[in-house]
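The structure appears below as structure tokens.
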Amino acid sequence: MCHLIESKADHSSWFIENWGPGGRPEPKSLFHKDVLLAKIHKEATEQAGAVGGLPQVRLTWHFSEMVFKIYFMEWLLANGLALTINTVHFP
């Protein structure tokens, strides 16, 4: 078994303080959404592609901030990657 771990920290400033409709994290600006978060999405997609189909490999992303973990988990669910990338809140 191989377990790959990705750590993410100091991203809470990318999100508005008062979450959007339905209590969901929203990026602070189009720059945060279309540039910064797009890079994170690309990284996740590439990592998931690298480990997908390899049952002996686990991929877990550790988040120091709950707001980013929630945003990312929703993104994983919307993009069919929630079963490939595990998420953990690790302050």
Side-chain angles (χ1 to χ4, degrees):
M1 173 68 87
C2 177
H3 193 167
L4 304 173
I5 297 174
E6 177 78 26
S7 297
K8 297 297 180 195
D10 299 323
H11 293 87
S12 63
S13 65
W14 294 8
F15 299 92
I16 59 173
E17 288 187 29
N18 296 320
W19 293 2
R24 300 289 183 242
E26 284 190 25
K28 196 175 270 188
S29 70
L30 286 177
F31 173 75
H32 289 93
K33 180 182 178 186
D34 294 341
V35 177
L36 300 177
L37 289 169
K39 288 181 181 181
I40 302 280
H41 297 159
K42 182 177 185 239
E43 181 181 3
T45 302
E46 289 172 351
Q47 288 182 8
V51 301
L54 301 173
Q56 70 277 17
V57 178
R58 285 186 63 193
L59 174 58
T60 302
W61 282 35
H62 288 222
F63 295 88
S64 66
E65 298 141 323
M66 185 58 79
V67 65
F68 193 32
K69 181 195 182 293
I70 292 169
Y71 171 86
F72 187 73
M73 188 63 198
E74 289 179 347
W75 182 84
L76 289 174
L77 288 167
N79 288 278
L81 298 175
L83 296 178
T84 306
I85 300 177
N86 302 302
T87 60
V88 175
H89 179 230
F90 199 77

Quick one: [atom1] on [X] to [atom2] on [Y], what's the gap to the nearest 0.5 Å?
X   : Y   : atom1 : atom2 : answer
K69 : S64 : NZ    : OG    : 12.5 Å
I5  : N86 : CD1   : CG    : 10.5 Å
L36 : W14 : CG    : CH2   : 4.5 Å
K8  : H62 : NZ    : NE2   : 12.5 Å
D34 : H41 : CG    : NE2   : 10.0 Å
K33 : E26 : NZ    : CD    : 9.0 Å

Ring geometry between F63 and F72 (parallel below 30°, tilted from 30 to 60°, perpendicular above 60°):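 Answer is tilted, since the angle falls between 30° and 60°.
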
C2 backbone acceptor or donor facing Q56 side chain under 3.5 Å: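 No: the side chain of Q56 does not pair with the backbone of C2.
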
Backbone N/O of A9 and side chain of H11: donor-acceptor pair under 3.5 Å: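 Checked: pair present.
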
Beyond-backbone contact of L81 with W75, side-chain heavy atoms, under 4.5 angstrom: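 Touching, per the 4.5 Å side-chain cut-off.
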
pair F15-E65: side-chain heavy atoms closer than 4.5 Å: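 They are not in side-chain contact.
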
[X]-[Y] co-clustered via ILVMFWY side chain contacts under 4.5 Å:
X   : Y   : value
Y71 : V35 : yes
L59 : L54 : yes
I40 : F90 : no
W61 : M66 : yes

Working for salt bridge (Lys or Arg N to Asp or Glu O under 4.0 Å), residues K42 and E46: CA-CA 6 Å; K42 182 177 185 239; E46 289 172 351; 3.3 Å; yes

K28 atom NZ, over 12 foreign heavy atoms within 6.0 Å: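 Correct, the count exceeds 12.
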
